[in-house]
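Everything on this sheet refers to the single structure shown next.
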Amino acid sequence: MSALTDLIYAGSNAVAGLTEGAVNDAIAKYGEETKVAYPDTAYFLPTIYAATGVKVAKLGDLTACVGVLKSLISGKEDLGEALNAGLATAVGAEILEALKYVNGAEPYANESGIGFVPDPVIRSLGVPLVTGDIPGVAVVLGKADSAADVAAVVKDYQSKGILTFLIGDCIEQAVEQGVKMGLEMRVVPLGHEVTSVIYAVQVAVRAALIFGSLQPGDLAGLLKYTKERVPAFVNTFGALNEVVVSAGAGAIALGFPVVVDVDLGENQVPGALESVTDHTMTVKRSLELRNIKIKVKELPIPVAFAAAFEGEIVRKADMQVEFYSGVNPTCELVTMREPGEIEDHKITVDGPDIDSGDKEYALATYIEVAGARMQKDFESVIERKIHAWFNYMEGVMHTGQRNQFRIRISKEAYEKGLRMKDFGEVLYVMIMDEFDAVVDKCQITLVTDREKAQKILETEAMPAYNARDDRLASMTDESVNEFYTCILCQSFAPAHCCVVTPERLGLCGAVSWLDAKATYELNPQGPSQPIPKEGLIDERTGRYEKVNEMVAEATHGAVENVTLYSILEDPMTSCGCFECICGIEPSSNGFIVVNREFKGMTPAGMTFGELASMTGGGVQTPGFMGHGRHFISSKKFASAEGGIERIVWMPKELKDDVAARLNKTAKELYGIDNFTDLIADETICEDPDGLMAFLQEKNHPVLKMEPLM
């Protein structure tokens, strides 16, 4: 093992020397008090913060960090000690990359890599990671002897939904071979220098801080979390130098196995560092090492099908045809039938196919399902999945839902042979796969004839939508006999459990009461379990004996008491992938609500990231609450403390998005017209004094409410 440890130590010492010199040079040039920070994060220099608890804020703070780095390099002939030296390399890389951002510089603005991955992006990845839409994370670095080899590996990961980070010349090699890149395509180029690997490490580290409730400074806890809960691994291409080997040792210390494409002979460490010289086996072995099992869906369509394509954008210049509700009648409808009324796997295209020469078409996607356990309430649950399934098709973009949507098909997908029947095949396979517990038969009709599509829209789709809306509007927490747990996020946040009610959807914004009900029907042992609405303790705060009992059981005792309607008394926990966070703004006696996309400052004196760092990971933080966008307009929103009348500030984008629903609720509850006109946003103020002046000018109702504390 001496050859391997010698390489690790040589690389670690080289990085340590380079880091020390760079820190000294930066201090000499800019001064010890100069700010050093990565953009849009509440976690300082994340690896250092998570491992040591040190909050690096200025250049002078880095001198001690260099000392810690050097102390990890013992030089002892022991693999465990050498792996610690690998962690030192990670710390050095973090410092070297952070120095590029001194004084607010944007070092990757004109590069092919993106550099630092901001906190909101990591939070947005939370849902697909816990649902398995992203089953793993690959870090690919180096330069392959053949560009085709590295591209084949990356495309294979992409087809399996693996989030893939690229470092080094493999970025250009993949581009050369036509690999589609970007966060929305789940292939993300980070940078060309080996030190860019730290940006992938920081994603894993912040997952522990954001979702795992890890206390900064708990190095043992950090290593345990990344090994057990972050399904990441590393592939290297091309010759290895001592810095790459040392960086690989740091990955292994974090629990991420490394697969190299050179023969290491006796220097291999089974399960941690392995040689795979046949590139056709790289993906298979990498997934095996992290026990990642991909459920392959065989679809008889001419384009790739994977969650990685969900964010693909088809621009007008690249578009072959389009279905757009602004031009033609469109609708998507799932309706329940008796088994004898439909023919299983019957797919009909009623009207012209997309090869008829037109650019724009009508489309009524008409899906009829039958099953012994099928329920009317599940129609809309299946319907909402159409958006994702169509987007999983390479070269297809779907936005919107119901009768308001746009579908674009790229020229490339069309040239590969994609036609309307392929859309029907996708729908049939996915419905029978994901809803097999309730759907026994499925028949699909795709109507592109304009007059027939219009008739379906008017006579079947709109009446169905209206009936559902009326039913949903009538559904309140009081009108049902049970709520549901949702523990999907426990793979990342083991102490968290959502309680989903008709008036409070999951904090990720993706799980409604109907979704949770359907999930239970589909999988009675799954992540959503019914909570009988029994043992009411306090109606005002929404405290139930049975809710406490079920939450305690679901979190293995980590959370024993929870309320459904209070932000101050035992508020519901958060995993970290919430769409928004609500927090107390003391000077106004009100609440601010901020969404994760907002990068600015709030009147509470904290950014979204800083607010979010106070909750998440399954902890209860009185005064702060993660939630979904739609919950803002719920009549149950923090109702124990006065409800939506307490909302005093939110970002303009969010305010505009929820305005119609929030104004309707305010009118129904309090008789207030255009309530959002009374709510400040960043175009009005970002400080407490400006907020108070605005609230007084508008005579906001919060000014007359009882003190929160």
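In this structure, the side chains of Leu522 and Val438 come closer than 4.5 Å at one or more pairs of heavy atoms. Put simply, the side chain of Leu654 reaches to within 4.5 Å of the side chain of Cys580, judged on heavy atoms. Looking at heavy atoms from C-beta onward, Asn235 lies in side-chain contact with Tyr157 at the 4.5 angstrom threshold. Between Lys160 and Leu287, the closest side-chain pair of non-hydrogen atoms falls below 4.5 Å. Side-chain contact between Tyr484 and Thr519: absent, with no pair of heavy atoms (C-beta onward) separated by less than 4.5 Å. For the pair Thr41 and Phe116, the minimum side-chain heavy-atom distance is below 4.5 Å. Between Leu427 and Ile386, the closest side-chain pair of non-hydrogen atoms falls below 4.5 Å. The shortest distance between side-chain heavy atoms of Ile95 and Ile48 falls below 4.5 Å.
Although no hydrogens or angles enter the test, the distance criterion places a donor-acceptor pair under 3.5 Å between the side chain of Thr621 and the main chain of Met614. Checked by atom type and distance alone, the side chain of Tyr38 pairs as donor or acceptor with a backbone atom of Ala98 at under 3.5 Å. Checking side-chain atoms of Arg290 against main-chain N and O of Phe233 turns up no donor-acceptor pair under 3.5 Å. Using modelled atom types, no side-chain atom of Gln529 and backbone atom of Thr485 make a donor-acceptor pair closer than 3.5 Å. The backbone N or O of Trp389 lies less than 3.5 Å from no partner atom in the side chain of Glu310, so there is not a single donor-acceptor pair. Using a distance-only test at 3.5 Å, with no hydrogens or angles considered, a donor-acceptor pair links the side chain of Glu312 to the main chain of Gly395. Side-chain atoms of Gln158 come within 3.5 Å of backbone N or O of Met185 as a donor-acceptor pair. Checked by atom type and distance alone, the side chain of Arg186 never pairs as donor or acceptor with a backbone atom of Phe309 at under 3.5 Å. Using modelled atom types, no side-chain atom of Thr164 and backbone atom of Ala138 make a donor-acceptor pair closer than 3.5 Å. Using a distance-only test at 3.5 Å, with no hydrogens or angles considered, a donor-acceptor pair links the side chain of Thr226 to the main chain of Leu223.
A cation-pi arrangement is absent between Arg596 and Phe608, since the terminal nitrogen or guanidinium carbon is not both under 6.0 Å from the aromatic centre and inside a 45° cone about the axis.
Considering all non-hydrogen atoms of both residues, Pro257 and Ala232 come closest at CD-O, 3.7 Å. Considering every non-hydrogen atom in both Ser112 and Glu172, the closest pair reads OG-OE2, 3.3 Å. Considering every non-hydrogen atom in both Ala50 and Leu222, the closest pair reads CB-CD2, 4.0 Å. In this structure, Phe211 and Cys577 approach most closely via the heavy-atom pair CE2-N, 3.6 Å. Annotation for Gln490 and Ala554: closest pair NE2-O, 2.7 Å, computed over non-hydrogen atoms. Of all heavy-atom pairs spanning Leu514 and Val381, the tightest one is O-CG2, 4.0 Å.
A salt bridge does not link Glu521 with Lys517: every distance from a Lys NZ or Arg NE/NH1/NH2 to an Asp or Glu carboxylate oxygen is 4.0 Å or more. A salt bridge is defined here as a Lys NZ or Arg NE, NH1 or NH2 lying under 4.0 Å from an Asp or Glu carboxylate O, and Lys100 with Glu193 meets this definition.
Between the CG atom in Leu129 and the CZ atom in Phe492 there is a gap of 4.5 Å [rounded to 0.5 Å]. Summarising the geometry, atom CD1 belonging to Ile114 is positioned 10.5 Å from atom OG belonging to Ser196; distances are rounded to the nearest 0.5 Å. Considering CG of Leu254 and CG of Leu87, their distance stands at 6.0 Å, rounded to 0.5 Å. The distance from the CD atom of Glu106 to the OH atom of Tyr101 is 9.0 Å, given to the nearest 0.5 Å. A distance of 11.5 Å separates CD in Glu97 from OG1 in Thr47, rounded to the nearest 0.5 Å. Rounding to the nearest 0.5 angstrom, the gap separating the CD1 atom in Ile431 from the CG atom in Asp436 is 12.0 Å.
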Side chain to side chain contact (heavy atoms under 4.5 Å, CB included) for Arg504 and Val499? Distances and angles first, verdict last.
CA-CA 8 Å; Arg504 179 173 188 156; Val499 178; over 6 Å; no

| request: Apply side chain to side chain contact (heavy atoms under 4.5 Å, CB included) to Leu611 and Ile592, showing your working. | output: CA-CA 11 Å; Leu611 285 163; Ile592 62 165; 3.9 Å; yes

**Request:** Run the numbers on Phe237 and Gln173 for side chain to side chain contact (heavy atoms under 4.5 Å, CB included), then give the verdict.
**Result:** CA-CA 11 Å; Phe237 287 84; Gln173 290 185 308; 5.8 Å; no

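No hydrogens or angles considered: a donor-acceptor pair under 3.5 Å links the side chains of Thr89 and Ser246. Defined by atom type and a distance below 3.5 Å, a donor-acceptor pair is missing between the side-chain atoms of Tyr49 and Glu94.
For the side-chain hydrogen bond (donor to acceptor under 3.5 Å, both in side chains) test, residues two or more places apart in sequence or in another chain that qualify with Arg629 are Glu597, Glu653, Asp657.
Among the candidates Arg402, Arg384, His398, His387, the single residue satisfying the side-chain hydrogen bond (donor to acceptor under 3.5 Å, both in side chains) test with Glu332 is His398.
Checked against a 6.0 Å centroid threshold, the rings of Tyr108 and Tyr199 count as neighbours.
The 12-atom threshold is not exceeded at NZ of Lys227, counting heavy atoms of other residues, nucleotides or ligands nearer than 6.0 Å.
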